[in-house]
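Side-chain atoms are counted along with the backbone in the values below, which use heavy atoms only and exclude waters and symmetry mates. We number each residue from 1, following the sequence as shown.
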Amino acid sequence: MPTAYCGECEWTHTVTAEETTDLDLAMIDHHVDTGHSPIERADLVEPIAVEPDDEHHEDDAIVDATAQTELE
């Protein structure tokens, strides 16, 4: 469920996935009422862990550029 939180005062507001507009309005109201900024939003999406072997290297950029040139 989407959640907004304020790092200054630990304010939080959670809504259902269908109420994302309500979450945006709650963040605006909190900012107007308190002046706290920035208020962060977390949709509880798990970040994708990067494996050490999956790092992007300069050689990959060369391969990507070559592949893009071949497509054009």
Side-chain angles (χ1 to χ4, degrees):
M1 291 202 310
T3 302
Y5 59 94
C6 175
E8 291 188 44
C9 69
E10 297 182 16
W11 168 88
T12 62
H13 190 81
T14 303
V15 297
T16 64
E18 294 80 28
E19 299 174 321
T20 56
T21 301
D22 294 341
L23 183 61
D24 294 338
L25 293 174
M27 291 188 299
I28 292 168
D29 287 344
H30 181 73
H31 174 71
V32 169
D33 292 343
T34 64
H36 295 167
S37 178
I39 298 170
E40 298 185 33
R41 180 175 166 170
D43 289 351
L44 301 180
V45 175
E46 292 294 323
I48 299 172
V50 176
E51 298 295 323
D53 295 340
D54 291 344
E55 292 180 16
H56 190 75
H57 299 284
E58 289 181 27
D59 295 341
D60 295 339
I62 295 169
V63 171
D64 292 345
T66 304
Q68 182 63 35
T69 303
E70 291 174 1
L71 289 174
E72 294 172 349

Within this structure, what is the [atom1]-[atom2] distance for the pair [X] and [Y], rounded to the nearest 0.5 Å?
| X | Y | atom1 | atom2 | value |
| --- | --- | --- | --- | --- |
| Leu23 | Thr16 | CG | OG1 | 10.0 Å |
| Asp24 | Ile39 | CG | CD1 | 11.0 Å |
| Thr3 | Glu40 | OG1 | CD | 12.5 Å |

> Excluding sequence neighbours, so at least two apart, what forms side chain to side chain contact (heavy atoms under 4.5 Å, CB included) with His36?
Replying inline: Cys6, Glu8, Cys9, His30, Thr34

> Who pairs with Ala26 by side chain to side chain contact (heavy atoms under 4.5 Å, CB included), at least two apart in sequence or on another chain?
Replying inline: Trp11, His13

>> Tell me every residue that passes salt bridge (Lys or Arg N to Asp or Glu O under 4.0 Å) with Asp29, counting only those two or more places apart in sequence or in another chain.
In response: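 So Asp29 forms no salt bridge (Lys or Arg N to Asp or Glu O under 4.0 Å) with any residue.
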
